[in-house]
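Note that the coordinates shown come from a computational prediction; the quantities given were computed from them, not determined experimentally. All values below come from the heavy atoms of this structure, side chains included, with hydrogens, waters and symmetry mates left out. Quick note on labels: first sequence line is chain A, next is B, and so on, each numbered from 1.
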Amino acid sequence: MKKYIGIVLVILFGMSHTMSATNKVHVEKFAWYKLLRNSKTDTTYVLNFWATWCMPCIEELPVFEDINKKFTNEKVKVILVSLDHIKKMDITLQPYIDKKGITTEVVLLNEPDFNSWIDLVDKKWEGSIPCTVIFNTSKKFYQLIERQVSEQELEEIIQSLK
Amino acid sequence: MKTITCLLATLFTLALLSFTKPEPNAYQINDAARDFSLKNVDGKYVALKDYSKAKGIILIFTCNHCPFSKAYEDRIITLHNKYEAKGFPVVAINSNDAIAYPEDSYENMQERAKDKKFPFAYLHDESQEIAKMYGATKTPHVYLLLKVKDKFIVRYIGAIDDNSNEPELVKQKYVEQAITEILSGQEISLPFTKAIGCSIKWKK
């Protein structure tokens, strides 16, 4: 009996542990992006627009995970901006983040009227994803990449902003 | 020195970027759209000039696999059923690389057209030449063409409406609005819109 209690305790502890370690997706509106983009900071932001339904985006996610880990102690902030539908938040997005053990911050941008904000990010953005925006306001640096990026490419940009 | 190397690397990347853009000569509003001849799901080839009685064409780059394309399937059928009689039939084109997305192969297009009883032509742009020429980047991506003399002129480029996932919450039906404006002789108030979609996968 004691043995079983022990096992149950281990399982419960394990569950609570993974639960507390969950990288919780937070939902934002476009104002969040505007605020971030206009903030006066010497942090280099790497924002990747993606979605769980977008195969090339999924392929590319490890690049951002690696970059996030590599620059964890530096003034670099990587954010995965999901364009998944809000109804998919609990059934698709959060389970995906948990399953893949993604540690990079994830935001669900809940703005389904795309035409109202795509141009406000960048007039050059056609609307396809993956799409990555890199900026450092104090260095007056900004770049939009509307395709998959390589780790080397991102790293070079980040290094150049040091 | 290090800064210069980094700067050069960045410049080089930027230069590379400008060359890898797939749509160097994307169509703009009021450009004349070039005709094509693409294989329909029934095995016959279809060209714009075949639509001799139409006032225009609702040309939609779409595909089988993309969740947004799927979300719009029924709305595309409705568009065709509503506007074919008014002179604006739908012509759908799939330009995706079937190696990257096997779901978008010609055989699967035939199957989907059959399952959904597509009332419009669903064409296979196997060489991807037409998508590149038009500047289509994602699915669904609409080009509303108006026939002026013997030319098809691009009058609207963009999304079908303003809510891909929830048809019941749509506020603005961009394509319908543009056709209504054309039919009543008005200027198109919103000739260009943007939406998130699945990128068209180019062949390697």
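The number of heavy atoms from other shown groups lying within 6.0 Å of NZ (A:K139) is above 12. Within 6.0 Å of atom CD in A:Q152, 12 or fewer heavy atoms from other residues, nucleotides or ligands are found, so the atom counts as exposed in its surroundings. At most 12 heavy atoms of other shown residues, nucleotides or ligands fall within 6.0 angstrom of atom OH in B:Y45. Annotation: A:K29, atom NZ; neighbour count of heavy atoms from other residues, nucleotides and ligands within 6.0 Å is above 12. Within a 6.0 Å sphere centred on CD of B:E126, other residues, nucleotides and ligands contribute 12 heavy atoms or fewer. In the displayed structure, A:K34 atom NZ is contacted under 6.0 Å by at most 12 heavy atoms of other residues, nucleotides or ligands.
Of the listed residues B:S164, B:A100, B:A195, B:C198, the one with more heavy-atom pairs under 4.5 angstrom with chain A than any other is B:A195.
The stretch residues 73-95 of chain A places A:L83, A:H85, A:K87 near chain B, each with some heavy atom under 4.5 Å from a heavy atom of that chain.
For B:K138, the part sitting under 4.5 Å from any heavy atom of chain A is the side chain, from C-beta outward, and nothing else. Using a 4.5 Å cut-off between heavy atoms, B:A159 makes no contact with chain A at all.
In this structure, A:N115 contributes its side chain and B:K194 its backbone to a donor-acceptor pair below 3.5 Å. No donor-acceptor pair under 3.5 Å is formed between the side chain of A:S128 and the backbone N or O of B:T137.
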Intermediate values then yes/no, side-chain contact (heavy atoms from CB on, under 4.5 Å), B:I196 and A:W125: CA-CA 10 Å; B:I196 296 298; A:W125 186 10; 3.7 Å; yes
